[in-house]
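Read through the structure below, which is laid out as structure tokens, and then see the notes.
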Protein chains: 2
Amino acid sequence: MARAATTTDAFNAVAEARRRQILDILATGERPVNDLVRLLGLSQPQVSKHLRVLREVGAVDVRDEGRRRMYRLNAHALKPIHDWVKNYERSWSERFDRLDGVLEELEEEGDGGGDE
Amino acid sequence: MARAATTTDAFNAVAEARRRQILDILATGERPVNDLVRLLGLSQPQVSKHLRVLREVGAVDVRDEGRRRMYRLNAHALKPIHDWVKNYERSWSERFDRLDGVLEELEEEGDGGGDE
DNA sequence: TTGATATATAACCACATGGGAATATAATCC
DNA sequence: GGATTATATTCCCATGTGGTTATATATCAA
């Protein structure tokens, strides 16, 4: 088996930095494709393909406006990523560093003489 | 060019669900490889290879203990993911839904013939 | 209608992947 | 020493990739 498709879920879709950049731009408002092309300095097909991936995972919505296609962020698709990663926040949050130290000591004490 | 290597950064590393599962288990405490093999129902080489990816992006640390290798979470490597995705949180947070509506209206109103 | 503009798609390629199987390495036990 | 246990690595392969170039589709303008 190869790697999971980029369209499998939001995790795979935003693994690509370009696609995160696209979302960052769309976070400031709706944009046609050509705006993204200029702002990112990518080729037009490249941007269209990235947008397709983002569409397939639901991270962007499109709306036709004449010959332009207006893309809009749908950040709800990113919620699973936030939900997963937020559980790790305490590990790097200064506020919890001291608590973590205490917990580790307790664990080791209860562990029956482990040193290290 | 192909897709970025899984070891490029944390985003690519955790795009694989198995690796997120591994981190979830390690979040409960240090574990030898065989624990992960049993808990995940994966083959041992598979787990070792996933662990290598997680090591290369700094998401886990290892410690030798006899013939076992104890793996430990290093959640700090996940901070960039959290930092990126947290900026989108307001989009799905109920508390901000009403505010978003207001902001969008303001944007549209002010958009009378804007530049670009 | 013809031409220009805006976007999507297709064909192609080099390449890293995740899984499986087999093997290598290393520590422990007899 | 040999056997067992624990882990890492290597080889193999099918597959999906991101970029490029070329083309298709659709809308607007003259």
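The analysis underlying the following values was restricted to heavy atoms, covering all of them including side chains, and did not include hydrogens, waters or symmetry mates. Chain identifiers are assigned alphabetically (A, B, ...) following the order of the sequence lines, protein sequences preceding nucleic acid strands; residue numbering begins at 1 within each chain.
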Any chance CZ of B:R52 has more than 12 other-residue heavy atoms, nucleotides or ligands included, within less than 6.0 Å?
->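 Counting neighbours around CZ of B:R52, 12 or fewer heavy atoms of other residues, nucleotides or ligands fall under 6.0 Å, so no.
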Helix axis bend for the helix from C:dT1-D:dA30 to C:dC30-D:dG1 - C1'-based end axes, five pairs, 10° rounding =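 The angle separating the two end axes equals 10°.
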Examine distances only and state if a side-chain atom of B:N12 and a backbone atom of A:A15 form a donor-acceptor pair shorter than 3.5 Å.
->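 Side chain of B:N12 to backbone of A:A15: a pair is present.
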Going 5' to 3' on DNA chain D, which nucleotide is the first and which the last to come under 4.0 Å of a heavy atom in chain A?
->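 Here the contact window of chain A covers D:dT15 to D:dC28.
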Starting from C1' on C:dT5, measure out to CZ on A:R69 and report it in whole angstrom.
->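 Going from A:R69 (CZ) to C:dT5 (C1'), I get 16 Å.
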Interatomic distance, A:L54 CG vs C:dA8 P [rounded to whole Å] |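 Spelled out: CG on A:L54 to P on C:dA8 is 12 Å.
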What pairs with [X] under side-chain hydrogen bond (donor to acceptor under 3.5 Å, both in side chains), at least two apart in sequence or on another chain?
X: A:N34; answer: none
X: B:D35; answer: B:R31, B:R38
X: B:N87; answer: none

Could you walk me through whether B:K86 and A:E89 pass the salt bridge (Lys or Arg N to Asp or Glu O under 4.0 Å) check?
-> CA-CA 11 Å; B:K86 76 174 175 218; A:E89 186 178 8; over 6 Å; no
Would you please confirm or rule out a distance under 4.0 Å between OP1 or OP2 of C:dA6 and any side-chain N or O of A:Y71?
->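 No.
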Check against side-chain hydrogen bond (donor to acceptor under 3.5 Å, both in side chains), A:Y88 and B:N74 = CA-CA 9 Å; A:Y88 295 95; B:N74 184 358; over 6 Å; no
For the atom pair CD (B:Q21) and CD (B:E16), what is the distance rounded to the nearest 0.5 Å?
->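 The CD atom of B:Q21 sits 9.0 Å away from the CD atom of B:E16.
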Which distance, rounded to the nearest 0.5 Å, do you find between the CG of B:L36 and the OH of B:Y71?
->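 Interatomic distance, B:L36 CG to B:Y71 OH, rounded to 0.5 Å: 9.0 Å.
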Taking all heavy atoms of B:R20 and all of B:V14, pick out the closest pair and write down the distance.
->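 Closest approach of B:R20 to B:V14, heavy atoms only: NH1-O, 2.7 Å.
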5' to 3', nucleotides 18-27 of chain C under a 4.0 Å protein heavy-atom cut-off (B base, S sugar-phosphate only, - none) gives BBBBB----B
